[in-house]
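Notes for the one structure printed next.
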Amino acid sequence: MGKLWLVINCFILAIGHCGGPLMMRLYFIHGGKRVWFSSCLETGGWPIILFPIACAHLHRSRTQPSAENKLFLMKPRLFIAAAVIGILTGVDDYIYAYGVARLPVSTVALIIASQLVFTAVFAFVLVKQMFTSYSINAVFLLTIGAGVLGLNTTSDRPKNESYREYVLGFVMTLGAAALYGFILPLVELTYKKAKQEISYGLVLEIQAVMCLFATAFSTIGMLVNNDFKVIPREAREFVLGETKYYTIAIMSVIVWQCFYLGVIGIIFCSSLLVSGIVIDVLLPVTEILAVIFHKESFHAEKGVALAPSLWGFLSYFCGEIKQSKINKRALHLLQSEMPSVPNCQITV
């Protein structure tokens, strides 16, 4: 069941990771201009999480005594931590939406691949995830991939966009990768410091609070930027029509929520590093979909950047598999030796 649940979450993540930027870019290339509105759509579907939370509560009501079955599992300390991470997520949503507004999806996907670099570094700092030769090699190769794109920024710049705007979009997207690479280890650190049992129901509650505060942050930005006044007019002037404008907005909300549900599910079933690996696996899929649906060109520079990115991912993935086998062997050896010392005492 654990492996099946992991596969299901990987599929959900694939829908969100590939569909989210495609829907967002569709909004911008056909007349949409509200960055705060787009960032709000990334987490605005947080009420969807209430349904699986309710299902988890019903499951607990059948398997646990009524005295132990609380409606909400989250303690105040954990709520505050989730709220802070949610605000950081709101900041990340905005700078990511700014990048998608300026760059083709295929370019954004390649830049976001560098997120694995930042995840590895911050995981080392926050949760003491040690570097291996494989992870160092992956960091090096992914850095090269992002560097190749950075040195060839003019080849993929849209005609109606200045060089300054394009470069700023590149920098903002790279900043979004770095910030989300910090958020993922921060979530795992929150789990470790929670001082309560981490169940899937609790993980869903944490994600709901994070998305709620991220949405609140973006909503404040929309109020300051007068987005609520402009959206009706923008919908009427949208190239694809007013109905499709709101359809794209609704679909974006649903698809992006799939991304967040998939990420937290994978972290719960496995680890944050696995979630980063799965995101990088989907890189070529996103590239292909962008070329098919948005008719984006795939220049030689992108191919050169894609090659070390995929190589870096494979290196990281192989290293994780090898390290997992080493850990299992060490655990098995420890368990086999413990019965031979019947009088030993373990203290914490």
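Given the structure is predicted, the values throughout are model-derived calculations rather than measurements.
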Quick one: [atom1] on [X] to [atom2] on [Y], what's the gap to the nearest 0.5 Å?
| X | Y | atom1 | atom2 | value |
| --- | --- | --- | --- | --- |
| L41 | M251 | CG | CE | 12.5 Å |
| F182 | L126 | CZ | CG | 5.5 Å |
| H17 | L22 | NE2 | CG | 10.0 Å |
| C40 | I220 | SG | CD1 | 10.5 Å |
| T190 | I80 | OG1 | CD1 | 12.0 Å |

Decide if atom CZ of F228 counts as having more than 12 heavy atoms of other residues, nucleotides or ligands within a radius under 6.0 Å.
-> yes

Can you establish whether the number of heavy atoms outside F293 located under 6.0 Å from its atom CZ is more than 12?
-> no

With heavy-atom distances below 4.5 Å as the criterion, would you say the side chains of [X] and [Y] are in contact?
| X | Y | value |
| --- | --- | --- |
| T43 | W256 | no |
| L73 | S199 | yes |
| C211 | Q257 | yes |
| H294 | L289 | no |

Compare every heavy atom of [Y] with every heavy atom of [X], then report the nearest pair and how far apart it is.
| X | Y | result |
| --- | --- | --- |
| A235 | Y245 | CB-CD2, 3.4 Å |
| G44 | P47 | O-CD, 3.5 Å |
| K195 | K75 | O-NZ, 3.9 Å |
| A109 | T286 | CB-CG2, 4.0 Å |

Return yes if some donor-acceptor pair links the side-chain N/O of [X] with the main-chain N/O of [Y] below 3.5 Å, else return no.
| X | Y | value |
| --- | --- | --- |
| Q207 | L261 | no |
| S39 | W36 | yes |
| E165 | S162 | yes |
| R77 | K193 | yes |
| N225 | G221 | no |

Could you work out the complete set of other residues in the hydrophobic cluster of I250, with links drawn between I, L, V, M, F, W and Y side chains under 4.5 Å apart?
-> I48, I254

With clusters built from Ile, Leu, Val, Met, Phe, Trp and Tyr whose side-chain heavy atoms come within less than 4.5 Å, directly or transitively, what are the remaining members of the cluster of V255, listed by chain and number?
-> none

hydrophobic_cluster_shared for L168 and Y166, side chain cutoff 4.5 Å | yes

Verify the distance criterion only: is there a donor paired with an acceptor across the side chains of Q196 and Y191 at less than 3.5 Å?
-> no

Distance-only check: which donor-acceptor pairs under 3.5 Å involve side-chain atoms of residues 81-104, not counting sequence neighbours?
| from | atom 1 | to | atom 2 | distance (Å) |
| --- | --- | --- | --- | --- |
| T89 | OG1 | I85 | O | 2.8 |
| D93 | OD1 | Y260 | OH | 2.9 |

Derivation and outcome, side chain to side chain contact (heavy atoms under 4.5 Å, CB included), residues E234 and F238 = CA-CA 6 Å; E234 187 178 73; F238 195 61; 5.5 Å; no

